[in-house]
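Beneath this line is the structure, given in structure tokens, with notes to follow.
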Amino acid sequence: MPILTNRAAVLTSVMLLLSANTVLVVQAAEPLYSMYYQEGSKLFKEKRLQEALDKFKEAEKNSEHLKPDSLDKAKLDEFIGQIYCRLGEDKQAEDYLKKTLAIKKNVPKIADWEIYGTMMMLGTVYRNANRFEESEQLYKQGLSMFQGKGPLKVLIQATTLYALGTLYLEMSRPADAKMTLEAAIKLRNQTMLKANLDEQGLLDALGRAYRMEQRLGDAEMYLKKALAMAEDKKSLDSIAFTKVNLGSVYDDQGRYAEARKLMEEAREILEKLHGPDSSQVATCCSNLAEVAINQDRYAEAESLIARAVGIHEKLHGASHTSVGCDLSKMISILRNQGKYAKAEETARVCVDLFTKTLGPDKQETAQAHLQLALVLLDEKKLPEAEKESRTAIAILDKLNRSVARAIALINLAEIEQEMKNVDEARKLFKEVAIVGEGNKDFDPAGLARVYSDLAKMDIDQEKFGDAEASLRKSLAVREKLYGIDSPRTLGDRKLLEKVLEEQKKTTDAQVVMAQIQKIVMANPDLKEKPSKIKTGMIGGTGTGAGTGGDTTTRTTVPTSPVSATSANASPIASKDAIRNRYALVVGISNFADPAINLRYAAKDAVDFAKFLTSDAHFPVDNVKLLTDKDATRDNIIKQLGGGWLGRRAGPDDLVVIYVSSHGSTAKDEAGGVNFLVAHDTEPEALLSTGIPMQWLSQIIKEQVHARRVVLVMDVCHSGASAGGQKGLIRENQFDLTKVPIGEGQAIICSSAPEQVSWESKTYANSVFTRKLIEGLKQNNGQADLNQAFAYLKDQVEAEVLRDRGKLQTPIFFNKNWQGPAPVLTVSTAVRAPGAAGGTAGAASAASANINNRTGVRSKVR
């Protein structure tokens with residue numbers, strides 16, 4: 001989230017120093033000039049900036065008597081430049097302040113204070129225009145002018161370090177910012193003039209630095225101190241800015257209600273102080289929009305961003321960088337909902353805006369290219385995505401932005417993996433690891449993920465020694481972050497055990513197994529509860545899907561009885577071949593009740609539908625997508641039945657039904673029936689507004705005539721209320737035994753009954769849906785449902801353990817499936833009218849041997 005920086009407070013601290021040493025009012029010989037000048041000075045002190053500017057401009061018109069290179073002319077220009085700076089007119093401010101600085105440098109025996117003040121002001125102008133390197137250079141020049149001891153020199157050093165430290169915050173250099181701000185505080189406390197440098201602003205800035213380092217407890221402590229000081233002084237601007245920054249910390253901690261309260265209070269203060277259409281209010285709205293995004297309130301977030309864009313366009317024009325920053329947030333809102341076409345359009349606007357406004361080689365321009373690359377990756381426009389990523393990386397390389405460049409490399413690595421350029425992806429991950437190892441600003445949790453990703457890629461290539469080294473590095477980072485016995489180390493430990501066994505390092509593997517057992521025994525939630533239903537793979541082979549929670553007792557759960565041949569057998573007769581394929585895909589992020597909104601559910605559905613039509617070659621007309629307002633209770637039921645699917649699918653067809661939403665259990669009066677939550681479902685009236693799972697199963701059984709139906713449920717049955725989880729309540733566990741599974745139905749659920757289904761921390765999907773798509777792409781797209789599930793289950797368990805320290809175990813069960821496990825990407829026997837792709841021929845039986853060595857990627861964003 002962007003930092004709401006009180007640049008005016010930094011500037012004021014500098015100017016307070018100068019006021020005692022610089023005479024700003026010119027006693028000119030020309031009466032009209034003097035009148036306008038003095039009126040402007042008075043209005044300036046009263047902070048009536050536009051009126052002051054008008055008077056100074058009149059003075060400028062009557063300044064013929066001033067010599068162009070005189071100090072009096074420089075002081076007039078400086079006033080005008082400073083007002084333009086505060087009004088956000090950066091180009092005009094730069095012009096006047098550069099003229100001022102040029103004159104002052106040529107005035108003999110001019111006091112250092114005079115030159116210093118102009119340099120600091122010009123540095124602030126560059127900062128406002130995001131020309132950070134030029135700003136840093138001027139601040140450092142100013143600092144070099146006042147080295148040595150003495151109360152005033154020490155105070156100026158502290159003040160300049162304050163400005164420099166807050167600049168580093170905006171440059172995303174938290175370690176440098178923290179070090180610089182701590183030095184500023186130390187120097188301030190050494191001088192008897194410390195009252196001239198606002199301690200409140202320093203503590204606020206230091207709190208922001210700790211927040212950027214994700215030391216949220218320290219950030220909260222310093223920002224609370226800063227807020228108390230601002231309230232004691234009744235400094236409304238400072239109160240508002242610090243409330244926004246403290247709200248951002250609460251937002252990071254998932255304390256959304258507290259974050260929202262503080263930011264709304266800040267917005268009210270800023271509206272009264274600066275007006276409803278001020279830049280301060282626009283920036284506050286932009287920050288508040290991020291809280292709304294994290295609460296999955298997309299409609300509200302879009303409204304707030306629209307207001308911020310409107311204000312910034314009115315003040316600065318449509319091509320200003322503030323507008324670009326606002327639109328960047330809009331891209332995230334659109335991506336999260338799967339609105340890719342609009343997201344791409346907005347991303348291209350941002351690239352063009354930053355390129356023209358700041359130039360092609362600025363960090364903001366690089367970030368715009370990177371955002372566009374991510375949208376193009378969502379759309380599977382891979383060559384374009386690769387091009388945009390490499391453009392961003394080249395810019396960041398020139399700017400020596402190692403951390404930002406490393407994050408861009410991770411995203412490029414995913415693109416390369418999608419393009420099957422495995423060696424290039426592995427090379428990129430190794431480069432990121434080198435950066436992460438040597439940079440104090442690199443997120444350690446992100447570094448651990450990079451090591452894990454490298455290990456999986458090495459396992460794919462059977463480079464088990466390299467995989468072992470990467471896993472041990474990952475574990476070293478995780479143990480330092482979370483503790484040696486943390487559940488977040490389990491995923492890597494399990495993988496390390498397998499790698500050691502592959503290398504015949506039996507003793508080492510036993511040591512790792514003992515560590516795994518110790519962690520599992522100490523965390524009862526990591527032990528899966530006994531299943532009440534028979535679960536397993538299609539065809540009766542493979543490890544039972546319900547196992548894997550307790551690593552010490554890997555027993556095989558019996559599979560459902562099947563009447564068909566096993567997956568090892570020959571293909572079924574051609575008359576039973578899959579003739580066509582249909583899919584109904586449902587995902588709901590925005591509910592009629594926004595309090596239950598989800599982050600990625602609609603995007604998950606869009607991505608799964610896109611996978612079916614592009615990678616799995618389902619005919620486009622055979623895939624119906626329902627998201628948000630289209631996914632009402634009545635419409636879902638209608639499209640399942642006679643409205644679409646029940647009317648089109650025949651007995652020899654394969655039907656896939658995918659649902660990403662809330663899942664919740666009703667009250668006792670419903671007999672423990674589990675409900676799906678539609679767009680218009682009322683959480684307190686599930687009986688009358690929800691969709692009972694039993695009802696859904698019955699509709700499929702009676703109205704969908706296909707003999708083979710795969711039902712994919714990315715829902716949380718037990719419920720939850722915290723961020724990243726799906727569900728409404730935690731009472732009444734979902735009982736799969738009460739769902740009447742039909743003949744030929746296979747169901748994949750995202751988690752076991754007592755568990756939570758998690759949305760990812762590192763990419764914009766639920767973990768389950770992302771890994772399901774990846775699993776179906778295994779074996780060059782020829783993985784059958786058994787193989788895809790085996791991959792899915794291992795990967796979901798590993799990622800959720802690493803990122804959450806919790807267990808999420810997907811479940812797969814079926815009843816009397818006819819024929820071998822389907823390969824969703826295999827062409828069908830007939831081609832639908834107008835369908836793209838697809839060849840005649842029956843689906844062949846896939847091998848039942850499950851390869852558990854397939855790798856997966858994750859990225860840091």
Side-chain angles (χ1 to χ4, degrees), residues 335 340 369-393 405-436 446-463 466-467 470-471 474 491 495 603-604 607-608 610-611 614-616 760-783 787-788 791-792 794-796 798-799 802-803 825 851-861:
R335 279 191 68 216
Y340 298 143
H369 282 290
L370 186 57
Q371 269 200 304
L372 175 57
L374 291 173
V375 177
L376 293 168
L377 175 59
D378 287 330
E379 297 178 293
K380 304 306 177 190
K381 298 178 179 179
L382 299 179
E384 293 177 79
E386 181 186 28
K387 178 183 175 183
E388 294 295 331
S389 285
R390 292 194 181 278
T391 300
I393 290 164
R405 180 176 177 276
I407 293 171
L409 287 172
I410 292 171
N411 290 300
L412 177 59
E414 182 183 3
I415 295 168
E416 297 296 345
Q417 285 181 302
E418 286 284 338
M419 296 174 74
K420 311 300 183 186
N421 299 329
V422 179
D423 290 339
E424 178 64 16
R426 189 168 180 270
K427 174 185 170 185
L428 291 167
F429 275 124
K430 283 193 169 184
E431 190 174 347
V432 174
I434 292 170
V435 174
L447 178 59
R449 291 189 198 104
V450 169
Y451 288 136
S452 295
D453 289 339
L454 272 172
K456 292 171 202 165
M457 297 177 79
D458 288 331
I459 291 170
D460 284 346
Q461 297 181 341
E462 299 190 357
K463 297 178 179 178
D466 291 342
S470 294
L471 286 168
S474 178
L495 207 53
K603 183 181 188 300
D604 287 337
D607 290 349
F608 188 73
K610 189 170 187 65
F611 160 76
S614 58
D615 296 89
S760 177
K761 278 190 172 185
T762 56
Y763 47 80
N765 287 110
S766 77
V767 180
F768 170 82
T769 293
R770 173 64 73 96
K771 300 309 174 189
L772 172 64
I773 292 172
E774 288 178 359
L776 291 167
K777 289 182 178 180
Q778 296 300 304
N779 300 340
N780 295 318
Q782 297 302 304
Q787 294 169 317
Y791 173 94
L792 158 75
D794 281 350
Q795 297 300 328
V796 168
E799 180 170 330
R802 278 193 296 265
D803 287 348
T825 58
N851 180 4
N852 287 319
R853 291 183 181 174
T854 49
V856 66
R857 63 207 173 271
S858 64
K859 59 179 181 288
V860 184
R861 288 186 185 167

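The figures here come from the full heavy-atom set of this structure, side chains too, leaving out hydrogens, waters and symmetry mates.
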Could you check whether [X] pairs with [Y] (Lys NZ or Arg NE/NH1/NH2 to Asp/Glu carboxylate O, under 4.0 Å)?
| X | Y | value |
| --- | --- | --- |
| E418 | K777 | yes |
| K456 | E774 | no |
| R449 | D803 | yes |
| D615 | K380 | no |
| D794 | K771 | no |

Between the side chain of T391 and the main-chain N/O of K387, is any donor-acceptor distance below 3.5 Å?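 Yes.
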Give a yes or no on whether the backbone of S766 and the side-chain of D604 come within a donor-acceptor separation of less than 3.5 Å.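 Checking the backbone N and O of S766 against the side chain of D604, a donor-acceptor pair under 3.5 Å is found.
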Partner of R426 by salt bridge (Lys or Arg N to Asp or Glu O under 4.0 Å), out of D453, D460, D466: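 Option passing the salt bridge (Lys or Arg N to Asp or Glu O under 4.0 Å) with R426: D466.
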Can you tell me how far [atom2] of [Y] sits from [atom1] of [X], rounded to the nearest 0.5 angstrom?
| X | Y | atom1 | atom2 | result |
| --- | --- | --- | --- | --- |
| I415 | L374 | CD1 | CG | 7.0 Å |
| L382 | M419 | CG | CE | 6.0 Å |
| Q371 | R335 | CD | CZ | 8.0 Å |
| L454 | I459 | CG | CD1 | 11.0 Å |
| L376 | E388 | CG | CD | 6.5 Å |

Looking at every heavy atom in both [X] and [Y], which two are closest together, and how far apart are they?
| X | Y | result |
| --- | --- | --- |
| A788 | A783 | N-CB, 4.4 Å |
| A406 | V432 | O-CG2, 3.5 Å |
| V450 | F429 | CG1-O, 3.5 Å |
| L792 | F768 | CD1-O, 3.4 Å |
| V422 | M457 | O-CE, 3.5 Å |
| S389 | A373 | OG-CB, 3.3 Å |

Applying side-chain hydrogen bond (donor to acceptor under 3.5 Å, both in side chains) to D607 and Y340, what does each step give before you reach the verdict? CA-CA 10 Å; D607 290 349; Y340 298 143; 2.3 Å; yes
